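Below is one structure, written out as structure tokens, with a few remarks after it.
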Amino acid sequence: MESNSLDFKINIQPKILTEHVEPDVDLTVDKYDAVYQNTQQEEEVETAHKDLLIQEYDITEAAHPFYCVAALALTSIPGLSFILLQDVIHAYPLVIILQLAQFLLLKNYLGLKLIGLRWWIEMNINGEQKWMFQTQSQEQSNKVDRYFFWACLIYGSLFWGIMCLGDVFGFKIFWLPLPIICFVLSLTNLQGFYKCRGEHKKKLQQLKREMAKGGMNIVGMIMK
């Protein structure tokens, strides 16, 4: 009987050791699986963001692709002319005319077509400037139109700002006034549309509040 009990104790000890080793292996595998899954999810999210960015600038999805291309061309041509032209005498009038055409067309026409906004400045009797804004329905435009328009305004201003810094650090005294003029025109357009956008949002919020108050008054009249 004693030998049987000893045999039983000896046989059961390896089983206990085996049971202690197995969970450690399983936990290690699970940990690496979790890390792999997290990495895979991060890659999927990054890919989704890239696809969304491409869709936002997909010209084929624009409601007005011709106007988007026109805005891009009007913004790019003055900068390319400034880079390629080496003669100051020919560069000044050509670049200024091109940049002025871009300024006027974006301000008065393409802004209404792509984002439904337009701005201008009026002078009152006292000689003070007053910003004026015009808004129209944006139902015919979409997100791609708006991205193209704002990209032209923002990147156009950044380009001429960089050109100004380049001429300053390069001591190009005769060239410096030209990018400054173009930078002022681009920045003024960006500022005008930014103000117009803010004013448009304020009007929409005020309209929503008035509609909500009108709805509450109608409910109150019905309850009476």
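Computed from a predicted structure; not experimentally measured.
Here I180 pairs with C164, L176, V184 under the side chain to side chain contact (heavy atoms under 4.5 Å, CB included) rule; sequence neighbours left out. In this view, F159 satisfies the ring-ring contact (aromatic ring centres under 6.0 Å, His included) rule with no residue, not counting sequence neighbours.
A donor-acceptor contact shorter than 3.5 Å links the side chain of N142 to the backbone of D145.
Here the straight-line distance linking atom CH2 of W160 with atom CG of L187 works out to 14.0 Å at 0.5 Å rounding. Going from atom CG of L190 over to atom CG of L158 covers 9.0 Å, rounded to the nearest 0.5 Å. Note that NZ of K107 and CG of L153 are 12.5 Å apart. Values are rounded to the nearest 0.5 Å. Here T188 contributes atom OG1 and Q191 contributes atom CD; the two are 6.5 Å apart, rounded to the nearest 0.5 Å. A distance of 6.5 Å separates NZ of K113 from NE2 of H64, quoted to the nearest 0.5 Å.
In this structure, I162 is a member of the same hydrophobic cluster as I154, with clusters built from ILVMFWY side-chain heavy atoms closer than 4.5 Å. L100 and L80 are members of different hydrophobic clusters when ILVMFWY side chains are connected at heavy-atom separations under 4.5 Å. In this structure, F174 is not a member of the same hydrophobic cluster as I181, with clusters built from ILVMFWY side-chain heavy atoms closer than 4.5 Å.
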Could you give the side-chain donor-acceptor pairs of residues 83-90 under 3.5 Å, partners two or more places apart or in another chain?
| unit_1 | atom_1 | unit_2 | atom_2 | d |
| --- | --- | --- | --- | --- |
| D87 | OD1 | I89 | N | 3.2 |
| D87 | OD2 | H90 | ND1 | 2.5 |

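Between I115 and W150 there is a side-chain heavy-atom pair separated by less than 4.5 Å.
In this structure, Y67 has its ring center at least 6.0 angstrom away from the ring center of F149.
Ring planes of W175 and F82: perpendicular class, angle over 60° (limits at 30 and 60°).
A donor-acceptor pair shorter than 3.5 Å cannot be found between the side chains of W131 and Q129.
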